[in-house]
Amino acid sequence: MNKKFEALGMKPADILLPKAGTDMARWAVVACDQFTSQPEYWAEVDRIAGDAPSALRLILPESKLNDPNVEDYIADINRSMEDYLAKDIFTTLKDSIVYIERTQSDGTVRPGLVAAVDLDKYDYTPGSGSLIRATEGTVLERIPPRVRVRKDAPIELPHVMLLIDDPQKTCVEPVAAAKETMEPLYDFELMMKGGHLRAWKLSDAQTDALADALEFMTGDEAMQSKYGLGGVPPLLFAVGDGNHSLATAKTCYENLKKVTPEEQWADLPARYALVEIENLHDDSLKFEAIHRVVFNVDPEKLIAAFKDFYPSAHMGQGVGHTIAYTWAGGTGYLTVPNPRVQLAVGTLQNFLDAYLKENGGEVDYIHGDQVTDELGAKPGNIGFKLPAMGKDQLFKTVIADGVLPRKTFSMGHAEDKRYYVEGRKIK
């Protein structure tokens with residue numbers, strides 16, 4: 001393995017794939033945190049998978065996370081993992097990185113790299129200077145239930161997607177351009193309208209070139225060029241999806257360190273987590289704004305309180321953070337000049353958190369302008385429409401503000417989330 005990876009927080013991994021002859025369409029299933037309010041979705045997945053080897057038997061859909069029988073489900077998952085290992089259904093790609101292409105619901109192709117990341121170089125604490133960082137605040141209460149699923153599991157299957165800020169397209173794209181010369185691994189249609197998935201194994205030369213490109217991205221020159229910052233800890237990987245899954249892996253690793261001699265930490269398989277890495281600047285990645293609707297409030301009082309909270313704020317559009325609103329009395333804009341945070345969503349969310357704590361009311365996070373306007377126009381409600389975050393703002397905001405406000409952006413539809421295919425031993 002290229003020694004440069006040791007400083008980059010990622011490396012090739014011993015990746016598990018189902019052996020040739022496996023029905024891959026029945027093997028691959030969508031990320032466990034999708035369709036949580038649609039049990040019929042998971043019932044249909046169960047029907048399709050049937051008795052065939054399937055990742056469904058190795059994951060716990062989060063719709064079942066609070067089920068009274070959850071401990072039984074977890075025990076069944078661990079038994080299935082041991083059974084699949086005993087039956088030797090996997091082949092192992094030693095010290096490998098996998099290039100994948102996912103055809104999404106809109107027909108676009110999303111490229112990515114599957115590799116392992118070093119959890120010693122990941123920190124979800126807001127304001128962290130780690131090489132791998134969360135983009136949104138981590139809800140600590142969401143970690144313990146997920147730890148129960150992972151702590152005794154011998155295998156991990158990842159749905160974490162990490163983003164790199166590579167506007168020059170030096171990492172993923174050269175691999176994509178050479179895919180016809182690479183070893184093909186699989187090519188199949190995903191179940192439940194998930195699109196299509198293909199994969200190839202990187203050559204040693206491609207792996208070395210990837211290490212060189214990533215190393216450059218951590219340097220001072222790259223940080224100056226992209227963010228106008230020098231002498232600050234580099235941010236190489238930002239979590240795009242699966243933040244709580246990665247935080248769970250980190251927690252399990254930290255717990256294991258407490259009962260393991262320090263000289264053995266470097267060799268713990270749990271020190272690493274398998275992820276998919278994607279370039280933020282790929283055209284297939286769309287950032288969509290997530291709007292807010294506040295229920296059970298007096299909209300006029302809320303608007304007045306907003307202007308008290310930000311004394312420089314004014315009605316109408318202007319320079320600064322401009323936020324559109326809709327209520328039963330009509331529509332309008334609020335503008336905050338010289339904002340203290342990078343994004344308009346941060347300006348709004350900071351106010352809403354304070355206001356609702358003192359005055360009551362409820363907030364929901366809404367996709368789509370029309371739905372926001374319809375809900376906001378009902379008596380006792382007010383809807384706020386936020387501008388979509390530019391891709392070039394993501395890393396800059398995480399570096400400057402620590403993390404993004406929760407529910408800042410959505411990255412793709414539920415059907416386009418990562419499907420479980422690759423695995424890795426973590427014991």
Over all atoms of both residues, closest heavy-atom pair of [X] and [Y]:
X    : Y    : answer
L202 : L210 : CD2-CD2, 4.4 Å
A178 : T181 : O-OG1, 2.7 Å
I164 : L236 : CG2-O, 3.5 Å
N78  : P154 : OD1-CD, 4.3 Å
F5   : A211 : CZ-CB, 3.7 Å
C171 : L214 : SG-CD2, 3.7 Å

Report the residue from R142, R146, R148 that forms a side chain to side chain contact (heavy atoms under 4.5 Å, CB included) with L65.
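Exactly one option meets the side chain to side chain contact (heavy atoms under 4.5 Å, CB included) with L65, and it is R146.
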Side chain to side chain contact (heavy atoms under 4.5 Å, CB included), paired with V160, selected from L246, L274, I277, T248
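Output: one option passes, namely L246.
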Will you find, in the side chains of [X] and [Y], an N or O donor that is under 3.5 Å from an N or O acceptor?
X    : Y    : result
E422 : Y186 : yes
S96  : D14  : no
H281 : D392 : no
D166 : T170 : yes
H321 : T347 : yes
Y365 : H291 : no
Q104 : T108 : yes
N2   : D208 : yes
T36  : S63  : no

[atom1] of [X] to [atom2] of [Y]: how many Å apart, nearest 0.5 Å?
X    : Y    : atom1 : atom2 : answer
Y333 : I323 : OH    : CD1   : 12.0 Å
M161 : N243 : CE    : CG    : 12.5 Å
F409 : K391 : CZ    : NZ    : 10.5 Å
D95  : K11  : CG    : NZ    : 7.5 Å
E62  : C32  : CD    : SG    : 4.5 Å

I would like to know whether V336 and L334 meet side chain to side chain contact (heavy atoms under 4.5 Å, CB included); could you show each step before the answer?
CA-CA 7 Å; V336 179; L334 289 164; 5.9 Å; no
Would you confirm whether [X], through its side chain, and [Y], through its main-chain N or O, come within 3.5 Å as a donor-acceptor pair?
X    : Y    : answer
T397 : Q393 : yes
S128 : S130 : yes
R340 : N338 : no
T335 : G318 : yes
K226 : D165 : yes
E358 : Y355 : no
D123 : G129 : no

In plain terms, say whether [X] and [Y] are close enough for a salt bridge, that is, a side-chain N and a carboxylate O under 4.0 Å apart.
X    : Y    : answer
E136 : K407 : no
D373 : K385 : yes
K257 : D120 : yes
E156 : R424 : yes
D118 : R271 : yes
R110 : E101 : no
K417 : D241 : yes
E254 : K258 : no
D416 : K193 : no

Side chain to side chain contact (heavy atoms under 4.5 Å, CB included) between L162 and I132, worked out
CA-CA 9 Å; L162 299 186; I132 308 167; 4.2 Å; yes
In terms of the angle between their ring planes, are F35 and Y41 parallel, tilted or perpendicular, with boundaries placed at 30° and 60°?
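Ring orientation of F35 relative to Y41: parallel.
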Between L163 and L285, is the side chain to side chain contact (heavy atoms under 4.5 Å, CB included) condition met? List the steps.
CA-CA 10 Å; L163 301 174; L285 287 179; 3.8 Å; yes
Decide yes or no on side chain to side chain contact (heavy atoms under 4.5 Å, CB included) for L280 and L394, but give the supporting numbers first.
CA-CA 9 Å; L280 172 68; L394 176 62; 3.9 Å; yes
Any chance the rings of H196 and F188 have centres within less than 6.0 Å?
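No - the distance between ring centres of H196 and F188 does not fall below the 6.0 Å cut-off.
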Tell me every residue that passes ring pair (Phe, Tyr, Trp, His ring centres under 6.0 Å) with W200, counting only those two or more places apart in sequence or in another chain.
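So W200 forms a ring pair (Phe, Tyr, Trp, His ring centres under 6.0 Å) with Y99.
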Are T326 and I382 side-chain neighbours, meaning at least one heavy-atom pair lies under 4.5 Å?
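No. Closest side-chain heavy atoms not under 4.5 Å.
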Cation over ring face, K396 and Y227, 6.0 Å, 45°:
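The answer is no; the distance or angle limit is not met.
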